[in-house]
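Numbering of ligands and ligand atoms starts at 1, following listing order.
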Amino acid sequence: MVRRIVLLGPPGAGKGTLARQLADDLGVPHVATGDMLRAEVADGTDLGRRAKKIMDSGELVPDEIVVEMAVERLSRADAAAGWILDGFPREVEQAIDFERQFAGAVPDTALYMRVDREEVIRRITGRRVCPRGHVYHVESNPPRTEGVCDEDGLRLTQRDDDTQEVVAKRLEVYVEEIGPLVTHYDELGVLRRLDASGHADAVHGRALELVSK
Ligand code: AP5
């Protein structure tokens with residue numbers, strides 16, 4: 001069974017949602033550079049302060065920072081049997097640096113999540129998060145009580161980078177970077193295209209079929 005998976009896709013494609021499902025299925029950690037950076041911001045570290053400015057502008061945090069972060073995380077014992085990478089690598093230079101610095105960095109499968117722009121905007125604008133990272137959607141995955149996290153009772157908010165202006169920038173950056181990254185994984189023979197439209201459970205089912213092949 002495939003155990004090292006990279007998820008590629010636009011902001012709001014559902015990478016985090018699918019990554020959590022696959023991590024449960026396979027018993028491997030879900031490693032998301034966006035979540036790691038947001039944890040640095042929440043902890044008020046120097047890195048967090050620098051990263052917040054960049055994230056709030058919709059640009060990418062410098063490669064050396066995210067590659068080092070990912071390599072350190074994947075070197076821990078719980079990632080020895082595999083991992084689900086969400087939001088990393090997100091440009092071909094990161095993939096190449098990652099492969100130079102980490103033995104076994106080439107995934108078994110890179111799932112390229114395809115979903116149209118209108119749906120991406122709908123998913124992002126309806127997303128609500130709790131301070132501990134639990135994710136909801138006002139229509140497709142609402143909490144039991146409006147505005148309150150089911151898991152820990154904390155208040156749900158919108159992410160600072162989910163404003164219309166920043167989302168437009170994030171999508172622009174994505175479109176610039178995704179082509180060469182997809183080509184890279186295609187040339188390595190690990191790329192699989194995933195229809196990420198429809199309900200999250202349907203996307204999960206299609207993803208499982210692809211990683212089981
Ligand atoms: P990051 O946190 O990685 O954000 P992203 O890639 O823009 O992706 P999102 O988290 O917005 O969306 P997602 O695809 O995970 O969707 P989700 O599952 O939440 O990065 C943020 C920033 O950090 C970057 O802009 C950059 O500055 C920096 N950064 C991070 N990694 C970096 C790197 N490697 N290099 C440089 N900089 C980096 O779903 C979205 C919503 O839709 C949710 O509400 C969910 O409930 C709902 N939903 C999910 N699936 C479905 C479905 N099938 N149907 C209906 N609703 C659904």
Using non-hydrogen atoms of the residue, decide whether [X] is closer than 4.0 angstrom to ligand 1.
X: Arg159; answer: yes
X: Ala13; answer: yes
X: Glu91; answer: no

With [atom] as the reference point, say which of [options] has the nearest heavy atom.
atom: atom 47 (C) of ligand 1; options: His137, His204, Glu93, His199; answer: His137
atom: atom 39 (O) of ligand 1; options: Gly14, Pro142, Ala51; answer: Gly14
atom: atom 40 (C) of ligand 1; options: Arg38, Arg127, Lys169; answer: Arg127
atom: atom 54 (N) of ligand 1; options: Gly58, Gly198, Ala95, Gly12; answer: Gly198

Just jot down the ligand 1 atoms closer than 4.0 angstrom to any heavy atom of [X], in number order.
X: Arg122; answer: 55 (C)
X: Thr33; answer: 30 (C), 31 (N), 32 (C), 33 (C), 34 (N)
X: Gly16; answer: 13 (P), 15 (O), 18 (O)
X: Val203; answer: 53 (N)
X: Gln94; answer: 33 (C), 34 (N), 35 (N), 36 (C)
X: Asp161; answer: 21 (C)

Checklist entry - Is the shortest heavy-atom distance from the side chain of Glu151 to the side chain of Arg132 under 4.5 Å? => result no
Next on the checklist: Between Lys15 and Asp86, is there a side-chain heavy-atom distance shorter than 4.5 Å?
Outcome noted: yes
Checklist outcome for this item: In short, Ile124 meets Arg170 closest at the heavy-atom pair CD1-NH2, 4.4 Å
Checklist entry - Distance-only, no hydrogens or angles: does the Asp108 side chain make a donor-acceptor pair with backbone N or O of Arg4 under 3.5 Å? => result yes
Item to check | Arg144 backbone acceptor or donor facing Asp150 side chain under 3.5 Å | outcome: yes
Tell me which protein heavy atom sits closest to [atom], plus the residue, atom name and distance to 0.1 Å.
atom: atom 43 (C) of ligand 1; value: Val135 CG1, 3.7 Å
atom: atom 42 (O) of ligand 1; value: Arg123 CB, 3.2 Å
atom: atom 49 (C) of ligand 1; value: Thr17 OG1, 3.3 Å
atom: atom 20 (O) of ligand 1; value: Arg90 NH1, 3.7 Å

Checklist entry - Using 4.0 Å as the upper bound for N to carboxylate O, is an ion pair formed by Asp78 and Arg73? => result yes
Residue portion contacting ligand 1 (non-hydrogen atoms closer than 4.0 Å) for [X]:
X: Val66; value: side chain
X: Leu37; value: side chain
X: Asp63; value: neither
X: Ser140; value: side chain
X: Tyr136; value: backbone

Item to check | From CA spacing to verdict: side chain to side chain contact (heavy atoms under 4.5 Å, CB included), Val6, Tyr185 | outcome: CA-CA 10 Å; Val6 165; Tyr185 283 126; 4.1 Å; yes
Checklist outcome for this item: To the nearest 0.5 Å, atom CG of Leu210 lies from atom CZ of Arg192 at 7.5 Å
Checklist entry - Does Val61, backbone or side chain, put an N or O under 3.5 Å from an N or O of ligand 1? => result yes
